[in-house]
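Below, all heavy atoms of this structure are taken into account, side chains as well, without hydrogens, waters or symmetry copies. All figures in this text were calculated on a predicted structure; none of them were measured in a lab. Sequential numbering from 1 along the given sequence is applied to the chain's residues.
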Amino acid sequence: MRDKVLIRDLAKYVGQEVNLEGWLYNKRSSGKIKFLILRDGTGLLQCVVFKGNVTEEEFEAADKMGQESSFRIWGSVKEEPRAPGGYELDVKGLEVINFTHDYPITPKEHGIEFLIDHRHLWVRSKKQNAILRIRHRIVKAIRDFFDSRGFTLFDTPIITPTSVEGTSTLFETDYFDLGKAYLTQSGQLYAEAGALALGKVYTFGPTFRAEKSKTRRHLTEFWMVEPEMAFYDLNDDMDLAEEFIEYIVQTVLKERAEELKILERDVSKLENVKRPFPRISYDEAVEILKKHGSDFVYGDDFGGADETIISDQFDRPVMVHRYPAKVKAFYMKRDPENPDLALAVDMLAPEGYGEIIGGSQREDDYNTLVKRLEEHNLPREPFEWYLDLRRYGSVPHSGFGLGLERTVAWICGLEHVRETIPFPRMIYRNTP
């Protein structure tokens, strides 16, 4: 009996006969020899079909298979440094499951709109495979990080009765007889309830922003991980964010080196991502902008170009803290030394990738939070449950959110976030 194996495990089967299943990634012929490149979702394998080693029907089938035909193949494994993956299969037989012809995505260049239209097929390509494997490992690193540090996963609702980050970017829906409801912008407010129950929690799931932006950094549907911690101040929050990003990047460097190589990523940039990270105030960041000739207006929030100028001054992520309170959310605590500033922090990734983390110490005083709701013209009734968190056992607490897709784009060195998620949703696209 031959073992059915995966390409990623072939090192354990050198010299043995095995079965494999997959799809035809590419092929070439040389007289009585055919070289079939098999992909099985775990890697690529060169399968060498000699006419004399298989039946006439099998050799003819190998000749007729088009790109992405599915088939079973068996033979003996041998090491071959020149072949994809370093191994080769000396074929003894094959069985075609599905003959495919005229596969739309060929080795030639295709425009991005064509590729996005065929995203369901594009994900089969070598580069897209590598990106999605790195995404998977980042997701696992996120969970491993929090799970090993005493955090509890706290699942929060996708359908919510009100906004978190402002009403202008909400996706609205009719919710039975209860009126309007909205797709969540963030799980943060609910995570605060979790932190006051369980100490340290994180929520991890899809979030939605109806933001009419066409930049390379924006999607309308994206994933966010949001830890929330009781008895944490802003410095504690920044310490955790710093440790978190270092852990993710170093894990990917260690465990997805082959995928980074496929993407031709300059890993020297990622190797610098080690603590401590630089920390600068908003005022210091504004001075950097002025020094580099920017016409930035003090008191505004930073745009993408501003973030790039700031982050270009450092060889690792930089944390900018203490923003003007007027450009930040109602729930952020004010700096006791300067009430015009919020105890907020944004982490900016290097190489022009912008904000990957946004966080703050939360306002924990009931009366002050009521005042903030009034200042932001937010209705009180939908937030009564949130005010209860300040009425009953309030403590200092902090948290942050990390956008998964921007993080994947940065680590992979991608130009646009649309390649970081299997099926991107943008303001001009909700298909396939």
Strictly by modelled atom types, are [X] and [Y] linked by a side-chain donor-acceptor pair under 3.5 Å?
X    : Y    : answer
D40  : T42  : yes
E192 : H397 : yes
Q128 : E419 : yes
T169 : Q185 : yes

Quick check: do [X] and [Y] have side-chain heavy atoms less than 4.5 Å from each other?
X    : Y    : result
I248 : T251 : no
I280 : F314 : yes
P317 : V273 : yes
R362 : Q188 : yes
F231 : D236 : no
R135 : I421 : yes
F151 : K200 : yes
M65  : K34  : no

Discussion item. Pair I356, I245 - check side chain to side chain contact (heavy atoms under 4.5 Å, CB included), show working.
Written reply: CA-CA 10 Å; I356 52 171; I245 292 299; 4.0 Å; yes

Worksheet item: What do you reckon, are the aromatic ring centroids of F244 and F146 less than 6.0 Å apart?
Response: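 They qualify: ring centres under 6.0 Å apart.
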
Discussion item. Please tell me whether W385 and Y190 form a close aromatic pair, meaning their ring centres lie under 6.0 Å apart.
Written reply: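 Distance test on ring centres: under 6.0 Å, yes.
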
Give me the atom names and distance for the closest heavy-atom approach of [X] to [Y].
X    : Y    : value
G299 : P324 : CA-CG, 4.0 Å
L343 : L234 : O-CD1, 3.5 Å
I411 : I138 : CD1-CD1, 3.7 Å
T156 : G187 : OG1-CA, 3.6 Å
Y282 : V297 : OH-O, 4.3 Å
V320 : A285 : CG1-CB, 4.0 Å

Taking [X] for its side chain and [Y] for its backbone only, find out whether a donor-acceptor pair lies under 3.5 Å.
X    : Y    : value
K333 : D233 : no
S281 : R322 : no
E287 : D283 : no
H376 : L378 : no
T152 : V201 : no
T55  : E58  : yes
R119 : P422 : yes
T220 : R425 : yes

Hey, could you give me the [atom1]/[atom2] distance between [X] and [Y], rounded to the nearest 0.5 Å?
X    : Y    : atom1 : atom2 : answer
R406 : I357 : CZ    : CD1   : 12.0 Å
D117 : I112 : CG    : CD1   : 10.0 Å
D295 : L289 : CG    : CG    : 9.5 Å
E221 : T207 : CD    : OG1   : 8.5 Å

Practice prompt. Measure up the Y323 and F302 rings against each other and bin them: parallel (under 30°), tilted (30 to 60°), perpendicular (over 60°).
Written response: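 Because their plane-to-plane angle is over 60°, the rings of Y323 and F302 count as perpendicular.
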
Discussion item. Can you classify the ring geometry of F383 versus Y386 as parallel (below 30°), tilted (30 to 60°) or perpendicular (above 60°)?
Written reply: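 Ring orientation of F383 relative to Y386: perpendicular.
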
Item to complete: Just do the salt bridge (Lys or Arg N to Asp or Glu O under 4.0 Å) check on K274 and E246 with the steps written out, would you?
Response: CA-CA 5 Å; K274 293 181 179 178; E246 179 189 52; over 6 Å; no

Discussion item. Can you tell me which residue among E307, E355, E211 is in a salt bridge (Lys or Arg N to Asp or Glu O under 4.0 Å) with R217?
Written reply: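 Considering E307, E355, E211, a salt bridge (Lys or Arg N to Asp or Glu O under 4.0 Å) with R217 is found only for E307.
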
Pair [X] + [Y], salt bridge at N-O below 4.0 Å:
X    : Y    : value
D63  : K51  : no
D147 : K140 : no
E258 : R8   : no
K78  : D90  : no
K4   : D9   : no
R39  : E68  : yes
R209 : E405 : no
E259 : R137 : no

Fill in: Trace of the salt bridge (Lys or Arg N to Asp or Glu O under 4.0 Å) decision for E113 with R429
CA-CA 10 Å; E113 288 305 315; R429 177 177 292 278; 3.0 Å; yes

Worksheet item: Hey, is NZ on K92 packed in by over 12 heavy atoms from elsewhere, all under 6.0 Å?
Response: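 Check passes, neighbour count above 12.
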
Discussion item. With a sphere of 6.0 Å drawn around CZ of F114, does it hold more than 12 non-hydrogen atoms of other residues, nucleotides or ligands?
Written reply: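 Counting neighbours around CZ of F114, more than 12 heavy atoms of other residues, nucleotides or ligands fall under 6.0 Å, so yes.
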
Within 45° of the axis and under 6.0 Å from the centre of the six-membered ring of [Y], does NZ or CZ of [X] qualify?
X    : Y    : answer
R216 : Y353 : yes
R316 : F277 : no
R149 : Y247 : yes

Fill in: Working for side chain to side chain contact (heavy atoms under 4.5 Å, CB included), residues V48 and F35
CA-CA 5 Å; V48 183; F35 299 91; 3.9 Å; yes

Which atom pairs, one a donor and one an acceptor, fall under 3.5 Å between side chains of residues 173-181 and the rest of the protein, sequence neighbours left out?
from	atom 1	to	atom 2	distance (Å)
D174	OD1	K180	NZ	2.8
K180	NZ	E172	OE2	3.2

Item to complete: Check the pair V77 / L89 against side chain to side chain contact (heavy atoms under 4.5 Å, CB included), numbers first and verdict last.
Response: CA-CA 5 Å; V77 180; L89 190 74; 4.0 Å; yes

Practice prompt. Start with the C-alpha gap between E79 and Y87, add the side-chain angles, then the distance that decides, and say whether side chain to side chain contact (heavy atoms under 4.5 Å, CB included) holds.
Written response: CA-CA 4 Å; E79 291 188 69; Y87 298 94; 3.6 Å; yes

